[in-house]
Amino acid sequence: MSGEDGDVVRRDRFSGGPARAFLSSMDHDERLFDADLAVDRAHVVMLAEQGIVDEGSAGAILDALIDVEATDYDALDGEDVHAAIETAVIERVGESGGRMHTARSRNDEVATCIRYRLREELLDAIDATLVLREALVEAAREHVETVMAGYTHRQAAQPTTVAHFLCSYARALERDTDRLLAAYDRTDRSPLGAAAFAGTPFDVDRERTADLLGFDSVLRNSMDAVSTRDFMIETASALSTLSVSLSGLATDLIEFAADEYVEIDDDYASTSSIMPQKKNPDTLELVRAASGSANAGLNGLLTTLKGLPRAYNRDLQEATPHVWTAVDAVTPATEVAAGAVATAAWNEDALAAAAGEGFATATGVADLLAANGVPFRTAHAILARPAQRAADGTSGETAGLDPAASVASRNSVGGPAPEAVAAALDEAGAGIETDEERRDERRDRLDAAAAALEREVGRYR
Ligand code: ARG
């Protein structure tokens, strides 16, 4: 699909040759197809409103775009989706279809298309983080009193609760949502009208095309507008960071499942093709692996973009797929993690037994001594001996210390005591609602813009 001929942008000059397929981005551009159609529509409407293109030509071009939209992507022919759509329009309209590309370049066009599509991808990623946060908070509400061992260095350290553990991830995810929203807001700016990089002599209305495409604002420097891909780095970075949160959650669940502290639902488990007794947490392993792709995407972007001079260089074409790599890995992983958390069954007895093992309450006893006047360092030294004997298995006398009482005593802000966690869960729930509103505002703006664009297009047809 690199197009052998027929590309009106290239015509007969530079149009063939052995590097044609190498130059083409058609294989990656399907993702920008709808975006390009919207960008074309907004641009043509603006050109007509500004009197740059006559209404008759605008109407014919807008009609042709409807027809192009209905055709199979694979039937398009061109160096990239932008050239291919323009070619298809000219095939339908005739020479005056070439007026569509007045006062723009593929440079501002492609940058606008990427941002247009990436906003959707970001909203989907944001959705997924909200669903996961909801699943974590809901599961936590069920387990405010479910005592478990908390770990440092992979060793049982102090008793905590399943709710406290789950809420720790809900809080991390809250920041992930926030980073994605910030990336959205910086993606939500229009490069259209920057032309190749140096503006245009035509009296374009950049605010108008930005509005018609639902962008929040216009990028103010035309050279910056076509050059920058920082919004892609920022998006991939936010996704990478999210993937790190997911990978930790996945590892915890995988290990807890191996210890039978939690059972992963059959829907999120897999079987062995040879060992009939096995139930494997494959989905969570794949969730954990999403980081590899996310980080590859981020690294691909950073490496491709570093050192590029102003203004447009074809390297930019090669940068774009890296951000899709990150998106495609992390959003589904987030959705699957949410399902796995929502359906997991926590084994309260096994967790409680483990919480009491290995003298995990030693810190609580040291705290008790310190609260009664013994300097904490001295208390720590006193407890070291029974802790050692418990570790050696030469004394079982530590079992009398109650993990639940130990948890209940730690009611500092953010601590695991049930009333502290209950308050934290209310906050976390309110945070989800706030972020759902932030997401809805953005989605509503996109929907309203799409409807307005359709109305405007209708005037010419
Ligand atoms: N497909 C190209 C891209 O993704 C379009 C821009 C081509 N512009 C140019 N000046 N050669 O960047």
Side-chain angles (χ1 to χ4, degrees), residues 1-4 6-17 19-40 42-43 68 73-74 76-90 98 100-119 121 187 189-200 209 213 219 221-233 235-236 297 300-327:
M1 259 315 303
S2 57
E4 296 301 307
D7 175 340
V8 294
V9 177
R10 291 286 157 225
R11 288 192 304 278
D12 49 350
R13 198 167 168 233
F14 306 131
S15 61
R20 178 139 178 95
F22 184 71
L23 273 169
S24 172
S25 55
M26 282 304 278
D27 287 347
H28 291 298
D29 281 353
E30 188 163 3
R31 203 153 187 155
L32 298 179
F33 182 55
D34 290 341
D36 196 72
L37 290 166
V39 169
D40 287 345
H43 185 66
V68 174
Y73 179 80
D74 292 329
L76 293 174
D77 186 24
E79 184 177 278
D80 58 24
V81 68
H82 321 291
I85 290 178
E86 189 188 342
T87 301
V89 165
I90 292 169
M100 180 168 81
H101 208 56
T102 313
R104 76 173 186 193
S105 149
R106 279 188 298 160
N107 298 352
D108 59 338
E109 187 180 358
V110 67
T112 309
C113 291
I114 298 166
R115 288 170 183 268
Y116 186 91
R117 175 66 196 239
L118 191 55
R119 287 186 311 194
E121 305 286 0
T187 299
R189 298 172 188 181
S190 177
L192 199 61
F197 74 88
T200 167
T209 45
L213 295 168
L219 287 159
N221 178 290
S222 61
M223 193 180 288
D224 173 49
V226 301
S227 302
T228 190
R229 296 293 186 272
D230 58 358
F231 64 99
M232 285 156 56
I233 296 177
T235 298
L301 279 169
L302 290 167
T303 311
T304 308
L305 297 171
K306 183 201 168 285
L308 288 187
R310 291 284 183 266
Y312 180 87
N313 301 275
R314 197 60 171 264
D315 312 49
L316 293 178
Q317 176 170 294
E318 208 64 10
T320 311
H322 291 302
V323 77
W324 309 137
T325 300
V327 161

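Atoms within each ligand, like the ligands themselves, are counted from 1 in listed order.
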Rounding to 0.5 Å, atoms CD1 (I233) and NZ (K306) come to a distance of 12.0 Å

Rounding to 0.5 Å, atoms OG1 (T303) and CD (E318) come to a distance of 12.5 Å

Counting heavy atoms under 4.0 Å, the part of N107 that contacts ligand 1 is side chain

Short version for E109: what comes under 4.0 Å of ligand 1, heavy atoms counted, is neither

So, regarding [X] and ligand 1 (criterion: nitrogen or oxygen to nitrogen or oxygen, under 3.5 Å), is there a contact or not?
{"X": "T320", "answer": "no"}
{"X": "D29", "answer": "no"}
{"X": "Q317", "answer": "yes"}

Numbering the atoms of ligand 1 from 1, which are under 4.0 Å from a heavy atom of [X]?
{"X": "S25", "value": "1 (N)"}
{"X": "V110", "value": "3 (C), 4 (O), 12 (O)"}
{"X": "R106", "value": "6 (C), 7 (C), 11 (N)"}
{"X": "D80", "value": "1 (N), 2 (C), 5 (C)"}
{"X": "R314", "value": "11 (N)"}

- Query: Is any side-chain N of the basic residue among R106 and E79 closer than 4.0 Å to the acidic one's carboxylate O?
  - Reply: yes

Next item on the list: May I ask you to decide whether D315 forms a salt bridge with R229, counting only side-chain N to carboxylate O separations under 4.0 Å?
Entry: no

Notebook entry, point to check: Any side-chain donor-acceptor pair under 3.5 Å between H28 and R31?
Noted result: no

Evaluate whether atom OH of Y312 has more than 12 neighbouring non-hydrogen atoms of other residues, nucleotides or ligands under 6.0 angstrom away.
-> yes

- Message: Less than 6.0 angstrom from the centroid, inside 45 degrees of the normal: does R115 satisfy that with respect to the ring of F231?
- Response: yes

